Amino acid sequence: MADDKDVLRDVWFGRIPTSFTLNQDEVTEREAEPYYLLLPRVSYLTLVTDKVKKHFLKVMRAEDVEEMWFEYEGTPLKWHYPIGVLFDLHASNTVLPWSITVHFKNFPDSDLLHCPSSSVVEAHFMSSIKEADALKHKSQVVNDMQKKDHKQLWMGLQNDKFDQFWAMNRKLMEYPTEEGGFRYIPFRIYQTMSDRPFIQRLFRPVSPEGNVHTLGDLMKEMDPAALPNDGEPKRYQVVIHGIEPLLETPLQWLSEHLSHPDNFLHICVIPTPTD
Amino acid sequence: MPASRLWVVDVYGRVFSLSTAGQQWEQCRDAQMEFKRVTAAQQCCWGIACDNNVYLNVHASDLPIRYQEETYENQRWNPIGGFSDHLLPSDRWQWSDITGLKHQPLDSFELPSSSWEWEGDWYVDENFEGEPTEKEGWTYAIDFPAFYTKNKKMTSCVRRRRWLRYRRYKDMDTWAKIPSPQMETPDPFSDISCGGWEISEEPRGRLSLWAVSLLGKVWFRVGIYHHNPEGSMWEEVSVPGEVLQISCGPGDLVWAVLWEGQLIVRQGITRDCSKGTSWVEVESPSPDVGATHVAVGINTVWALTKDNKVWFRRGVDSHNPCGLGWISMVGEMITINVGLNDQVFAIGCEDRAVYFRQGVTTSELSGKTWKAISVPRDGDRSHSSASTNSLQSAGCFFSGEVRAQSVVSDVELDTEKVSTDGASCLVTSTSPESVVDAPTDNPDQPIETPKPRIPKVTSDSFISELISDREPAKTLREGGSAGPAVPEEEETLPSEGEVKALCADVAICPSQSGGPLDPQWSNVDLEEAQGQLAQTGAALDAADTSSLSSVATYTLAMEDPYGTDEHPLWAWVSGGGCSVDSHSHLNWFNSVNTSSLVGSVQSMSLSVTSAQTAAWRQQIFEQLTERTKREMDNFKHYEQAIEQSVWVKKGTMQWWRDWKPYKWIDVHFALEQFSGPEGNKDGILFIYYNFYEEKKYLHAFVNELTILVPVLNESKHTFAIYTPERTKQRFPIRLAAATELEMHDWLALLSVSCCHSRGIQGPPSKQAIWSITCKGDIFVSEPSPALEAMPYPTPCDQMFWRQVGGHLRMVECNTVGIVWGIGYDHTAWVYTGGYGGGFFQGLASSTDNIYTQTDVKSVYIYENQRWNPLEGFTNRGLPTDRYMWSDASGLHECTKTNMKPPSTQWTWVSDWAIDYSVSGGTDKEGWQYAADFPVSYHGRKGKTDFVRRKRWSRKCKLTTTGPWQEIPPIALSDVTILPCTAQSNVDEVPLWAISNKGDVLCRLGVTALTPAGSSWLHVGTDQPFKSISIGAASQVWAIARDGSAFYRGSVSPQSPAGDCWYHIPSPSKQKLRQVSVGRTSVLTVDENGNLWYRQGVTPSYPQGSSWEHISNNVRKVSVGPLDQVWIIADKVQGSHSLSCGTVCHRLGVQPVEPKGILWDYGIGGGWDHITVRGNSMEPPRVRLPSLTDASAPAPRSPIPFRNMEVNSSAGDS
């Protein structure tokens, strides 16, 4: 029988085949070939696209190059969302590879955060972990860690070291058995059809009566519209890491096994494909 | 921990018991009458019934209580008739006991009571000192009494033979009356208490039983042993006054209460004198109010006074049975009882509820608080499904599932309310039974008004099937919802109404009961509670609303005359058979007052385990696999975004220097890990040290490491690292970490790294080879087909071993992946299919299938004395003598105070005690005598004995985790599992075992899916056994304690226990110790370390003809299903040192040469056990042109052989 550990591995080693194409408006010295890459679902765009940048810079003049940013079918891609979330939100149910357009000018300041270096990603990642631990353990675990432990988490992500990351992340996933779960589940619900960036509120893994909360409970509370009504065809998919877990899946289990390295459970609500 | 029971008597005299794993009182139904008091031990329960007789209820066990009667038939030779029963007048009786002094013909033997039955008729014993005799079992001698031999000689004038007959105790699980002649007990008994089972090392069954008569006299039951559970007679014990009540603890504490209110304490209780010698008086706790009740444990005494106050006696232990003083405790109780582990139970004065003292630990014997045990009785209520219509009965079906798994099903309810077809799904899944009764029940009950219930009779087996076997039920449900469900609108709609009604119930109920909201969804319970409230108006009983209570309560409640009283009123409690401690998880307290929290935690834990089979989980697994396929399979040629790089972990440690003078030196330690081009991980280990101011380093490739062995000792946290080279040298890299935690971190990391580099993950395969070190650590190795290849097998020093959590003394496996282990404390464990546990945490361990495992072993030290003419024996020895307190060798000083448990994993669980079970025997004080140190010791002082020693033992306990689950209740000393061949398709796998008392047992119901099996079948033997093995063709061989071998005839799938034992003579002058049977080979090891092969074994003559010597210095042998031979050998020479306990593989074993040719040496130093009985991987058939002559490799010397192995193995690594 498969083990829960395998889920962690599958989540970590999830890859999205991507083709990067240079925006046609960019000025180039010669034709730019598309660049193909397997992107880790759990990482961040600006962290894993050094090769892409290098590839396109070869055909460009230095003075034409500003900060690199990415766009998919007209939507600028927010680098501070995990890659898997971006894909599930904007491009799931499309043909692979995922075709991303690379831009080197006209940075959309209103849509995107600037990311001058990987230390910005690190700061963002670590603040997410701390926020998640504040929800899970009143920050007790993350505060008990040493600086080098924090570094180990980050280095694990940056270098795609599953063991290195989980050797430390394991501590963030512990909870007292008598409490049956974390204090609150760190989650974010993204909707394509909404103006809000995402939904994030306090939600406990176990009800006051002692019942285990499920994904369905969470969705009912946070985004009831995402759930199918009786007798109607399903309008929305609730997607985590490219899969649709059953609504009766316990939330605590999801949080332990399907959270991103930033310790948040990123849930995408997307319209059911009509075909 | 196996379930054990708490016994109680209610005010009506009915006896109930509560399992530590259970959640309800079960009435002892076979009791024909009411009982006044009961006193329980783990194996039995004594009671005084209302007819004033004493009754005994021996709990059924797979192991029968049987007793061997024997008598001797004596004959003398005379010239006329040869041997005849005409004896000389001075001779012994023709039928006598062994001494010849007692006349005992066959018909003089009678059953001791009506509770016994004969197993068969008398027969002649043909076994004489481990040797089979000539036919008819006669042994010969010159004269009575003399030395007997099995052969008749010219001088043999007398002969004798032994007759045997077995009787068996038959009244298991019923209350059997203990015959009580009037002269023994003139007045009826009013109180009874048993205990004392820890005074001696007797096997379970020895008890001290004390009783008090109405006139205040005290009686002691003599002769209660395992073979005589009833005891033999009552003996009066004189007392200084009239006794009211008595209490006997598991150890040597016995206290009694006098009518006047003082207490008396029994003195002088020892293993030789379990009755004690005298009484000492102790004041009542309160000067004005006399004591009425006392309860004692091992180191604890509790008392009650007339005003129902509770008192705790401080400072009690076996050295000071009277203790120091009384401490007043909270609570008002009418009776109190101390169970196992000094846990305390009492019955409340007001509410007559049973209270459990929480928080009692060895350091805090007085505990923390009283907690009422609040569970229903099995006849309590009529829940029954009482269905009003088919939908509700569907709900009941559903609620049957809720009980076992409340939270998950609650979740399911939610989703079902959400999903459109939820209700119809329920309906379609309804069992035929509920469908059948639906129409009849339907009209007579509107949903809104609760009415007296009409219990629905549902068979227990049906319910238990629901509970025990959730998965099928669930798939059934799934099938129902997925398939074309019967979409009956009329039924679907009311179902939602029903759900609402339920919600209404939930809302109403607490307002009436005044208690907090019951968290569980359970229509029947709540309605029931309401109805009950309406009828009785009594306060809502905790038990009645607890929804968990309704598990398996589907009894005929209407027939139960007591089912309707609102509250159980208890009168008496006995915890002597109830094995709980402060860590035990009990489901006894789920009352309304405390339910919400406890209930939820409990259901959490339930849901976690059931989650393994849940649909949502399967869905996630399937979808992830599908996702990987969709997103990655076609794009494997794409470049990875992140290049793999090196990851280094560093630390400081101490290293045992490789050269002389050997010593610990500080080193820096680093593990560099990197990914190979194929994505496989690898690493290098560096040890940086200083050599004459110069920095140097030592390194090892992770893929070359063969094993990491923790070598915990009290002073250093050390571990050893082996490579094939270092295995040959018998000289590992030895490292010591600063703390145990650090060592475990490194071991776990290195182990994961080694497994990665070799592509090993997950649980061990079915073919795996298991081994155990002398520290009880468990290692497992994955065999390659080349391991048994001919002529060039993989050298066994190249085998990679990884550790599995847990602690065992031995382990046995077979080819379908059934693995059993036995702990040092003889507990049997079955492998659960997990991996990791112990110090492996996180990723190196599976999440499911890991359980807590405990083990207990004894630590021994010796007290040594020398005799001198002035003072006799003293602790002043000669200057050349050993330490006066030492280890067995006498070389190391070991005192009671400086002796520590073997490592920090172990904690003491007992005090130092004299060990009388030393080989050679002891005198009454435990001394063994000898002429001088160190020679063989004996139990009686002779004239030439000038030294003596006494062995002290102390028990220590280890608690760890691993993929093992306990198989209670019988303690084992050996186990063997049939190695199934690849072709054979056996469902039930034969598994044989030897209990630690020497009984031969056959396990029923063992299959690859249920490796634990179901129950034991006892196989009769004439003497205790010690080793057993079953071969691939069901040939069972066993070794008796006297060192003789036996073959079991006619064992087959049809007759799994066979029919009779054939005595096989052992090799001349050798006592055999262990046997292992492979496909056809039978090998044994004797007490002197010789390994023997049974020659001449054929299918038609499976007993074989003779023993052939193979090797010496062998400690243990394991023969596998390919007839491969592996041993644990002593005295294996390495280039650096000699090692004892080394894994060795017999090379050159083949059908024409089943004994093999020479040994190949593997991992060792300190190995105790190996089993290769899972490895049935046929080696690849290689034929080398130059070696077509099969005998060619035989004469080769070991050295070129080994070189060639290395060369050949270079290809497959």
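The sequence lines fix the lettering, A, B, ..., with proteins before strands; numbering per chain opens at 1. On a predicted model such as this, the values are computed, not experimentally measured, just so you know.
In this structure, A:Trp12 and A:Phe165 have tilted ring planes: the angle between them lies in the 30° to 60° band. Classification of the A:Tyr36-B:Tyr638 ring pair by plane angle, with boundaries at 30° and 60°, yields tilted. Aromatic ring orientation, A:Trp79 versus A:Tyr44: perpendicular (interplanar angle above 60°, classes split at 30° and 60°).
By the side-chain hydrogen bond (donor to acceptor under 3.5 Å, both in side chains) test, A:Tyr236 is found to be paired with no residue, residues two or more places apart in sequence or in another chain being considered. Taking the ring-ring contact (aromatic ring centres under 6.0 Å, His included) definition, one finds that A:Phe182 meets it with A:His137, A:Tyr175, sequence neighbours left out.
Both the backbone and the side chain of A:His241 have a heavy atom closer than 4.5 Å to some heavy atom of chain B. For A:Leu254, the part sitting under 4.5 Å from any heavy atom of chain B is the side chain, from C-beta outward, and nothing else. Only the side chain of A:Gln152 comes within contact range of chain B, with heavy atoms under 4.5 Å apart. Looking at A:Thr49, neither its backbone nor its side chain comes within 4.5 Å of chain B, counting heavy atoms on both sides. The part of A:Phe13 that comes within reach of chain B is its backbone (N, CA, C, O), which places non-hydrogen atoms under 4.5 angstrom from that chain. Contact annotation for B:Gln619: only side-chain heavy atoms (C-beta onward) come within less than 4.5 Å of a heavy atom of chain A. Neither the backbone nor the side chain of A:Ile83 comes within contact range of chain B; no heavy atoms are under 4.5 Å apart.
Not less than 6.0 angstrom separates the ring centroid of A:Tyr72 from the ring centroid of A:His90.
Contact tally against chain B (heavy-atom pairs below 4.5 Å) for A:Arg41, A:Met155, A:Met173: the top residue is A:Arg41. When each of A:Ile16, A:Asn169, A:Val7 is checked for heavy-atom pairs under 4.5 Å with chain B, A:Val7 comes out on top. Note: A:Leu37 leads A:Val11, A:Leu37, A:Val48 in heavy-atom pairs under 4.5 Å with chain B.
For the residue pair B:His756 / A:Asp163, a side-chain donor-acceptor distance below 3.5 Å is found, with atom types taken as modelled.
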